[in-house]
Structures are given as C-alpha cells and as structure tokens.
Amino acid sequence: MIHRPELLPDTYTSASPWWKNAVLYQVYPRSFQDTNGDGIGDLEGICSRLDYLADLGIDIVWISPIYRSPQADNGYDISDYRDIDPLFGDLAAFDRLVARAHELGMRIVMDLVVNHTSIEHPWFLESASSVHSPRRDWYYWRDARPGMEPGTPGAQPNNWESFFGGSAWEYDPRSGQYYLHLFAREQPDLNWENPRVREAVYEMMNWWLDRGVDGFRVDAIDVISKAPGLPDGGPARAPFGVGHELYADGPRLHEFLQEMNARTFAHHPGTFTVGEASNASPESALLFCAPERGEFNMLIQFEHMNVGLEDGKFSPRPLQEGELAGVFTRWQETLGERGWNALYLENHDQPRSVARFGDAEAYWRESATALATAYFLQRGTPFIYQGQEIGMLGGSFSAPSDFRDVESLTYLAGCGDNHVPGGVATMSRDNGRTPMQWDDSPTAGFTSAHPWISIPPSASRINVAAQMQDPSSILSYYKALIDARHRIPALTDGTFDRIDVGDPALFTYCRRTSCSEVLVMVNLSGTARAPHLPSPDEAWTPSRWTLYLGNVDEPGAGGSPDGQNEEDYSLPPCASMRPWEARVYVHALSAPRDRKRSSVRLSVSR
C-alpha cells in the first residue's frame, strides 16, 4: 500500500451544511457487539465500540431499528416507536450512547420506518379490533374482489405483490376484510392519506429529535403514497413485483415529504436526513434532495445495487465491464451541484460488496480497496456498513436452517424442498447481517454465547484485530480515504468529471475546486489495463500529479523497493494498472509537508 499523508492539508475542510464533509457508519445492532451474553448485539455493545469508530474517523453513526418490536423483520416491524426493544437495552442505555457519541464528536442517526408498523403496534391492534374502530382507516382495509369469496385464492382486493414475495394482502377472518402489507404480513402499511396518521408520526419524530437524536434515515419512504383506488398493477418489473408502479412515487409522495420536513426537521436546524427510495432515478432523485425542495438532505437509491438483477434478486448475472461505473457516472452527472448523493456499496439489505462486485478469491484485498476508492471519493456523503472496512465476505448458507432473513425464508418456502439455490446463498440479506468480526476467536469477539446467526468461517483471518496494526490492511486503507475526505476541499465541494481513458473497466474521474484537485483511477477488473489519458493536454502531465494513495505497490516504478527513498516514489497516471489497482492523486500545488513519513509497503496480503 502506498500512503503519503504528508500531502494532505493540516486541517479539516469546512463544510456547509456540515454533513457534506462527513463520513457515515451504519451499525446493525443485533450483529455489532453483544455485552450481556445472549448472542445478540446491544446498545451497551455499540457504546463500547464508539472509540473504535472515532479512531476510524466516523462523523455519523446510523443505527438500524432498535425500537420495541416482535422482530418479524429484525426490527423493521415496530410495535412501539417511543421505546427501546429489551433485546438491545432501554432508553437509559440509548441516552448514554448518544451522550458518549457526542463527547467523541459523532452524531447519532436513527433508522425510522413509517411506511408500516408491526401487527402488534397498538394502532393496528385497535384498527383490527372492529370495522367501526376509530383507527380503522389508519391502515388499508379492503373487501375481497367483487364476486369472489373472501379468503379464497384470487379474492385479494388487487394483484399487488409484496417485496418479500406473494400477495401484498392478508385476509382477516374476523372482519372478512384484507389489510395491505407491501412487506411481510406482520408489517401492515399505514394510510398516509389520513392526516391523523401523519400527525402521530410527526409528533413521534419530534419526540426523538428533542431527546437528542441528530437525524433519521427513513426506510422505504417512496412507497407511502399509493395510487387512488388501489387498482391492479401491470406486469412485474424485476427486481420488483406486480403493482410496484402504483405504490412507488405515488401522487402525494412529495406533498407528504415536504409536510414532514416542515413539521419536524425545519424545527431542528442541522438535522441529518436521508430517505430510502427503491424506485428513484437520477432525475427523480432531485425531487427528494434538491435543497429548495425542502425534503431530504440526500437519498439512498438502488440503481447500482440492482444492476444485473433483471431476472430477479436471486438470479444475478455477471456484470459487464464498465456497467457499475456507468451507473455511478450517471448519478454524479445528473445530480451535479443541484443534489447530493448518499454513496454506498453495502448495507443490511445487501450482500458484501467484495463478494458481489469484486474478486473475493484471487484479489480479496485489492478488489475491496478498489471498490472503496471507486465510490468513496465521488461527490456526496460516503456510507460505510459495519465490517465493510475490513473486507467482510458474508455468510456460508447451505440449508434453509442457516437463514434468518424473512425475505430469504419466504422465497425458500416457495421452492418446496431443502435445496438452497446459489442465488439465494449469495444474494440473501443475511450475508450483510452476520456478526461483526472483531478477532479470530470462535465467536469473533462478538459474543461469549452462541450467536443469533452463524459466524462466517472467514472470521479467523478477516477481523479487526488482524488489521488494526497492519498499515497495508483494508482497514488502514479506509482510514486513509476518510482522512482525505475530511482534508481535501475538492472531495467536499469539488465538481465530478469522468475521464475517458479508452477502457470501460477503468473508472477514472477528477474532483476539482479552485484550490484543489484530485484524480481517482480504479481498475475494476481482474486483468491489467493500460489507461490512455487525453492528450495532448497539460492537465495530464506526470509532473502535475502526486500519488497520495495506492492499493498495490510498484517496485521499480520510480521509488526504491527497499523503502530507503520513499519520498521520491513516483507512479505517473499513464502507467499501466494492475488487476483491481486503485490510485488517488493530488494536484502538486506545493511541496509536501514533512508531517510524517510516507507509508509505502512492498508486501501485499491477500
């Protein structure tokens, strides 16, 4: 690994708003750190690891749902919005976590689910108690299809399909009606057309913000507005099911979001807000995150994660060269300086990026760091998912009993046997939910008990302890990326310009401001490639650029293999790129400072 921290400015770049210069880390609580010996992570465990996150350079900690819940969908089915589930702790433990994070200069963002609740939420229990309940219209209740016997196949009010498979309607024999659930049957959809529902949601959000929470990541927010009359949908549009076009980006969606902002975020200046939108395009994303719209700071979109899934989530195809970079580029160029990107490759709903997009066998370290470089330095706020910073690979699933994810289990139930299709094993959400790998002990330092989901075999070699003191590790590489994001002005406010270097596998772009420039070059393939930079052009002369960071070493390329002349190390942008090689250059505006010795390591672990 090549790392020259002395090339960076001494101070952090100022940013307005503050989150433009921030790095976010997502914690999946049940898999992060267990402290009470029940095999499930908890709030005290998160608190105990905040120093690790501070050392990594994290500014924002996004915590997946910790509200009281029956855990049908691992907390995304909320039964009490104003309490902590006993699995994770209590409100006092949460307050301690927030206070400690603030002491360390980090902010806490909660995951909020307001498209639906749990069937055990008091609102739904009252709604389901009678067709005459005052809260009946807090949810979507409908009669069977005309002429059909309620509860029989095909009698559902419409043909919409759940995100998790099967009908989006559940029959209630007590009332003879159906309720709508776009996700699991335990997650009934709230009726956002009802102003009393919206008022209750806004009151709850303000309650948390007043308590000290710094913002929200709002789950599945683009499906809160449904088409009037809930008509039948057209053919399925993979990877989504039938009806998606009638409940995603509904007619009142942006009206609701602007009202939410006005009633909550606007009263708490500096609040961090990000919405999740499965249907967003670069063009529609501006409706969510252009500042003048008054909705969200940024948007979590799915386009790059859905590449190659035309035949369905569990039937992925290999990506074509340049396909992933092409989606990145389209989002960067369309949002431009009008909107703001949430930059990510992993979260609790996705398999591990090095397993999905990289080469976990032959080039584990190189592809993990190449992918990190490709997305992390674009215009936007970078998100890191727990374990991504050490190159975690996901689980080992060979039987249905290995899974915990409701989506995967629902799909396997439809397969009708004990066989696990390869697409399910590789694409299941459980791949992102295995316990954090802290050390090489049998339970990876996560728990002293039997973990709620199996520890991956790779934990014995891929763990924080193994990488903490290794300057060439994936963890060290992420620290270098984070340091650059914090200190280089071009990586905060700079423009994004894709550079055509004559090969679709080479993702090359430049970030520019009037006072700084960064050139990012990444080979997103397993073969050596030669870039052909634009010429003749003074902007690409080797003397203009100094290599700040590289994920592989190049003995003999201008520096000394024995490390005795590291300061003279040179690798021009025109040099051929090895498989999964990444380089980050800074414009040589002045001589480098002697802040600390360059880190040029000639051994690369795999």
Query raised in the report: Just checking, any donor-acceptor pair under 3.5 angstrom between side chains of Glu389 and Tyr477?
Result: no
Report task. Report yes or no: is the cationic atom of Arg49 (NZ for Lys, CZ for Arg) closer than 6.0 Å to the six-membered ring centre of Trp438, at no more than 45° off its axis? Result -> yes
Query raised in the report: Charged N to carboxylate O below 4.0 Å: is that the case for Asp59 and Arg485?
Result: no
Query raised in the report: Going through the distances and angles, do Gln26 and Ser64 end up as a side chain to side chain donor-acceptor pair (under 3.5 Å)?
Result: CA-CA 7 Å; Gln26 182 191 355; Ser64 289; 3.0 Å; yes
**Report entry** Pair Arg96 + Glu44, salt bridge at N-O below 4.0 Å
**Finding:** yes
Requested in this report: Consider only side-chain N and O atoms of Ser473 and Asp470, and report whether a donor and an acceptor are under 3.5 Å apart.
Outcome: no
Requested in this report: Tell me, with the steps shown, if Phe124 and Tyr179 meet ring pair (Phe, Tyr, Trp, His ring centres under 6.0 Å).
Outcome: CA-CA 10 Å; Phe124 185 76; Tyr179 66 84; 5.1 Å; yes
Query raised in the report: Is the NZ or CZ atom of Arg107 positioned over Trp62's six-membered ring, under 6.0 angstrom from the centre and within 45° of the axis?
Result: no
Query raised in the report: Going by an N to O cut-off under 4.0 Å, is there a salt bridge joining Glu581 and Arg529?
Result: no
Query raised in the report: Is the distance between the ring centroids of Tyr81 and Trp208 less than 6.0 Å?
Result: no
Query raised in the report: Do Ser460 and Asp440 have a side chain donor and acceptor closer than 3.5 Å?
Result: no
**Report entry** Distance-only donor-acceptor check, side chains Ser118 and Ser79, under 3.5 Å
**Finding:** no
Query raised in the report: For the side chain of Asp34 and the backbone of Asn36, is there at least one donor-acceptor N/O pair under 3.5 Å apart?
Result: yes
Requested in this report: Examine the side chains of Tyr76 and Asp111 and answer whether a donor and an acceptor come within less than 3.5 Å of each other.
Outcome: yes
Query raised in the report: In terms of the angle between their ring planes, are Phe328 and Phe507 parallel, tilted or perpendicular, with boundaries placed at 30° and 60°?
Result: tilted
Query - Phe164 ring center near His181 ring center (under 6.0 Å) - result: no
Requested in this report: Say whether Ser31 and Arg433, considering side chains only, have a donor N or O and an acceptor N or O under 3.5 Å apart.
Outcome: no
Query raised in the report: Would Ser525 and Trp580 count as having a side-chain donor-acceptor pair, cut-off 3.5 Å?
Result: no
Query - Aromatic ring proximity Phe383/Tyr385, centre distance under 6.0 Å - result: no
Requested in this report: Starting from the C-alpha separation in whole Å, work towards a yes-or-no answer on side chain to side chain donor-acceptor pair (under 3.5 Å) for Asp219 and Asn115.
Outcome: CA-CA 8 Å; Asp219 184 74; Asn115 173 69; over 6 Å; no
Query raised in the report: Quick one: is the NZ or CZ of Arg30 closer than 6.0 Å to the six-membered ring centre of Trp452, and within 45° of its axis?
Result: yes
Query raised in the report: Can Asp73 and Arg429 be counted as an ion pair, charged N to O under 4.0 angstrom?
Result: yes
Report task. Examine distances only and state if a side-chain atom of Asp402 and a backbone atom of Ala399 form a donor-acceptor pair shorter than 3.5 Å. Result -> yes
Query raised in the report: Would you say Asp222's side chain and Asn279's backbone share a donor-acceptor pair under 3.5 angstrom?
Result: yes
Requested in this report: Would you please indicate yes or no on a ring centroid separation below 6.0 angstrom for Tyr344 and Tyr375?
Outcome: no
Query raised in the report: Is any NZ, NE, NH1 or NH2 atom of the basic residue among Asp85 and Arg68 found under 4.0 Å from an Asp or Glu carboxylate oxygen of the other?
Result: no
